[in-house]
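Notes follow once the structure below has been shown.
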2 protein chains.
Amino acid sequence: MKRITIYDVAKEADVSLATVSRVINDSNVVREDTRQRVQEAIEKLGYKPNAIAQGLALSKTTTISIVMSENLFAYNSRILNGLMDVAKIYNYNIMFHTTSKGISRMQDVIESIIKSRVDGVILFNDNFNDEEMEVLKEYQIPMVIVGARLDRKPEGKVGNVYVNFEKLAYDLVNESFDRGIDDITLVEDKLNLSMMNQLRRGIEKAYEEHGKEFKGYIGYDDSYKSSYNFLTDYYKDKKPSRLVITFRDSQAIAVRNAANEAGWKSMEDYEVISILDSKYLAMVRPPINSYILPEYDMGAIAMRLLTKMLVNDPSVQEDREIEIEYSPMIREKDKTGETEKVTFEAVS
Amino acid sequence: MKRITIYDVAKEADVSLATVSRVINDSNVVREDTRQRVQEAIEKLGYKPNAIAQGLALSKTTTISIVMSENLFAYNSRILNGLMDVAKIYNYNIMFHTTSKGISRMQDVIESIIKSRVDGVILFNDNFNDEEMEVLKEYQIPMVIVGARLDRKPEGKVGNVYVNFEKLAYDLVNESFDRGIDDITLVEDKLNLSMMNQLRRGIEKAYEEHGKEFKGYIGYDDSYKSSYNFLTDYYKDKKPSRLVITFRDSQAIAVRNAANEAGWKSMEDYEVISILDSKYLAMVRPPINSYILPEYDMGAIAMRLLTKMLVNDPSVQEDREIEIEYSPMIREKDKTGETEKVTFEAVS
DNA sequence: TTGTAGGCGTTATCAG
DNA sequence: CTGATAACGCCTACAA
């Protein structure tokens with residue numbers, strides 16, 4: 001079956017291809033009756049414009065690349081939803097790239113992004129190094145980094161939509177100090193190194209300002225199982241820190257379960273908080289506190305920013321760095337051990 | 001900055017563009033020294049072939065569309081990983097589409113798929129109706145449906161990689177009957193209707209064969225919170241079914257928590273099983289049984305099948321329907337109430 | 001082994 | 001308002 005082209009439509013409607021092109025693109029210089037005729041021909045033949053050819057003619061693909069780490073997939077679904085919805089609104093197609101250690105190095109991803117001639121790029125977190133970003137910048141391709149804050153102020157066609165993890169951690173530690181807690185542990189997360197670093201900086205800063213040194217950075221293997229096993233052993237004869245901070249839900253749950261089963265009492269002996277929220281934190285007993293990040297909005301805002309950059313919206317000259325607000329999600333309040341049932345309504 | 005083209009390279013290397021094209025495409029009819037020269041020119045200029053132009057010239061985009069429901073995003077991450085990895089191996093780009101009730105109707109997605117002239121499509125589950133599939137088939141675009149089994153045998157350029165949920169449910173119920181259990185509830189999952197239907201068919205078939213009628217299909221709102229609230233109330237003065245089957249982890253956990261807190265004893269009073277596995281099932285107390293579906297493999301197999309279809313591999317003439325094996329994940333074995341710590345190693 | 005020229009399907013510029 | 005025609009960047013017979 002031969003793919004039907006603009007020529008076929010032109011012949012069918014007895015006009016030139018230029019006219020067909022005009023009605024496709026809503027050019028308003030077409031007389032109403034000929035537009036009708038063309039429309040009918042289009043319907044009749046089932047013609048769909050070839051986006052590839054359009055892309056070539058316009059040097060514009062109306063496609064945006066999203067690149068994220070394969071591991072973080074499940075965790076970023078809400079951000080992705082925000083990105084996709086806004087992309088849809090502005091009629092952009094999405095090219096999806098994942099990076100992982102073995103099979104798809106960042107290098108290859110960049111290569112294919114450039115070849116694809118996408119109009120813009122959304123880069124997740126910053127699981128990439130500066131050089132890689134440079135390559136993209138060389139090719140003048142607008143991009144926005146979403147997740148963590150860039151260390152350096154973005155220049156050129158680069159935007160940044162982020163959560164200020166450093167401030168978050170800094171505030172959290174200060175509040176803890178106010179409550180008389182200074183025995184704090186931060187659990188390493190190898191999947192989110194740059195966010196980790198920012199948390200750490202915030203914590204260390206707070207400690208320093210109190211004339212203390214932070215030494216509670218611990219790491220172990222990254223799966224729930226090994227974390228849990230490690231901690232189960234560890235808590236057997238060692239009390240947990242008064243406050244344990246983790247990045248992801250499963251890490252927090254590992255702490256909760258291990259400490260619980262070793263006989264330590266939540267709130268009384270220790271507290272655990274996960275930076276990222278998830279519905280599962282409400283399902284453990286006792287439930288676990290966290291921060292609510294408006295992830296969907298983050299995605300939506302990031303994509304919106306990119307679309308603005310793509311049309312050279314003047315307003316983005318100044319606002320290429322957007323900080324996203326967060327709020328604490330308290331599920332367990334005091335030492336009574338009483339648990340709220342569930343307070344966070346998540347898309348299930 | 002002018003994008004550099006094949007012409008620029010040709011001039012730089014002092015050959016014709018045809019020759020450049022040949023070295024790009026590894027045509028082996030190029031003399032070694034000229035190939036060298038061309039390569040150097042390419043490096044020097046930082047030339048990257050324009051995939052759009054290639055696509056136009058070849059009527060082939062080396063791009064595959066993946067379409068899935070926005071809601072199912074977080075649940076399908078492992079399948080997606082399998083899809084992505086294999087796509088990468090065969091050098092296909094991925095166009096990503098999500099469907100949701102409001103913003104992106106299936107209709108629009110199909111439209112953009114056709115316009116994009118992708119080489120093939122991966123369709124998740126079957127949250128789409130037959131008509132929609134017909135449209136895609138009309139345009140002769142090869143596709144494979146992954147997730148549930150198609151009701152009708154695929155014809156034309158359609159493949160199907162699936163888990164036989166009907167059989168799974170049928171077997172599960174029969175085993176339960178063998179163990180003397182016939183009071184079974186299946187919890188509705190609105191996000192996975194077709195899988196639900198298949199589970200239901202399997203259960204009903206088993207009941208029928210035992211001369212009984214299955215009446216345990218219950219549904220309530222879809223979030224964890226509302227499920228939990230509903231069940232908490234429900235179990236206050238009503239015993240859970242002897243066996244409660246849910247599709248997703250959060251539904252199972254809602255049952256577990258609500259029943260637990262209402263004082264019902266796991267294994268002794270009731271059992272709950274989630275069809276889909278997730279690491280979170282190991283984190284609840286007592287942990288929850290499930291089935292392990294090799295999700296990554298499912299994705300990988302599906303993508304591999306599609307790539308074969310795209311090159312008209314003769315072997316796919318027969319094997320366009322691939323059934324994926326599953327295996328039970330037992331985390332709680334008997335009535336002692338003792339829980340295995342964790343038995344499933346998930347990517348954390 | 002290399003170069004020439006036509007074609008892939010659209011858009012945009014200029015005449016008419 | 002409509003119709004030629006030259007791009008857009010690359011591939012591939014066909015010639016040389």
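Proteins get letters first, then strands, A, B, ... in listed order; numbering begins at 1 in each.
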Item to check | Axial bend angle, the helix from C/dT1-D/dA16 to C/dG16-D/dC1: five-pair end segments, nearest 10° | outcome: 40°

Next on the checklist: Tell me every residue that passes side chain to side chain contact (heavy atoms under 4.5 Å, CB included) with B/Glu43, counting only those two or more places apart in sequence or in another chain.
Outcome noted: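 Side chain to side chain contact (heavy atoms under 4.5 Å, CB included) check on B/Glu43 returns B/Gln39.
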
Checklist outcome for this item: Residues passing the side chain to side chain contact (heavy atoms under 4.5 Å, CB included) test with B/Ser16, sequence neighbours excluded, are B/Ala18, B/Thr19

Checklist entry - Which pairs pass ring-ring contact (aromatic ring centres under 6.0 Å, His included) with one or both residues in residues 49-73 of chain A, sequence neighbours excluded? => result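 Matches after skipping sequence neighbours: A/Phe73-A/Phe96, A/Phe73-B/Phe73.
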
Checklist entry - For residues 23-46 of chain A, which residue pairs qualify under ring-ring contact (aromatic ring centres under 6.0 Å, His included), counting only residues two or more places apart or in two chains? => result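 Of all non-adjacent pairs touching residues 23-46 of chain A, none passes ring-ring contact (aromatic ring centres under 6.0 Å, His included).
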
Checklist entry - Roughly how far, to the nearest 0.5 Å, is the CE atom of B/Met84 from the NZ atom of B/Lys88? => result 4.5 Å

Checklist entry - Roughly how far apart are A/Ile322 CD1 and A/Arg149 CZ, rounded to 0.5 Å? => result 13.0 Å

Checklist outcome for this item: So the contacted stretch of DNA chain C, first to last nucleotide with an atom under 4.0 Å from a non-hydrogen atom of chain A, runs from C/dG9 to C/dT13

Scan [X] against the nucleic acid and name what it touches under 4.0 Å (heavy atoms): base, sugar-phosphate only, or nothing.
{"X": "B/Thr19", "result": "sugar-phosphate"}
{"X": "B/Val30", "result": "sugar-phosphate"}
{"X": "A/Val15", "result": "sugar-phosphate"}

Any protein N or O atoms within reach of nucleotides 13-16 of chain D? Criterion: under 3.5 Å, listing atom names and distances.
none

Checklist outcome for this item: Here the distance between atom C1' of D/dC10 and atom CD1 of B/Ile42, to the nearest Å, is 13 Å

Checklist entry - Distance-only, no hydrogens or angles: does the B/Arg117 side chain make a donor-acceptor pair with backbone N or O of B/Thr63 under 3.5 Å? => result no

Item to check | Sequence neighbours excluded - salt bridge (Lys or Arg N to Asp or Glu O under 4.0 Å) pairs with any residue from residues 57-69 of chain B | outcome: B/Lys60-B/Asp119

Item to check | Pairs involving residues 297-312 of chain B, ordered by first then second residue, that meet salt bridge (Lys or Arg N to Asp or Glu O under 4.0 Å) (sequence neighbours left out) | outcome: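 Every candidate salt bridge (Lys or Arg N to Asp or Glu O under 4.0 Å) pair involving residues 297-312 of chain B fails, so no pair, neighbours aside, qualifies.
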
Checklist entry - Under 6.0 Å from the NZ atom of A/Lys11, do we count more than 12 heavy atoms belonging to anything else shown? => result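 No - once you tally the heavy atoms of other residues, nucleotides and ligands closer than 6.0 Å, there are 12 at most.
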
Checklist entry - Is the count of non-hydrogen atoms from other residues, nucleotides or ligands lying under 6.0 Å from A/Asp313 atom CG greater than 12? => result yes

Checklist entry - Got a sec, which residues hit side-chain hydrogen bond (donor to acceptor under 3.5 Å, both in side chains) with B/Ser21, two or more places apart in sequence or on another chain? => result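 Scan of B/Ser21 (side-chain hydrogen bond (donor to acceptor under 3.5 Å, both in side chains), adjacent residues dropped) gives B/Asn25.
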
Checklist entry - Which residue lies toward the 5' end of DNA chain D, A/Leu17 or A/Thr34, if each is placed at its nearest nucleotide? => result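 Result: A/Thr34.
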
Checklist entry - Where along residues 47-64 of chain B does a heavy atom fall under 4.0 Å from DNA chain C? => result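 Hits under 4.0 Å, by residue number: B/Leu56, B/Ala57.
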
Item to check | side chain to side chain donor-acceptor pair (under 3.5 Å) partners of residues 46-58 of chain A, not counting sequence neighbours, each pair once | outcome: A/Lys48-B/Glu111

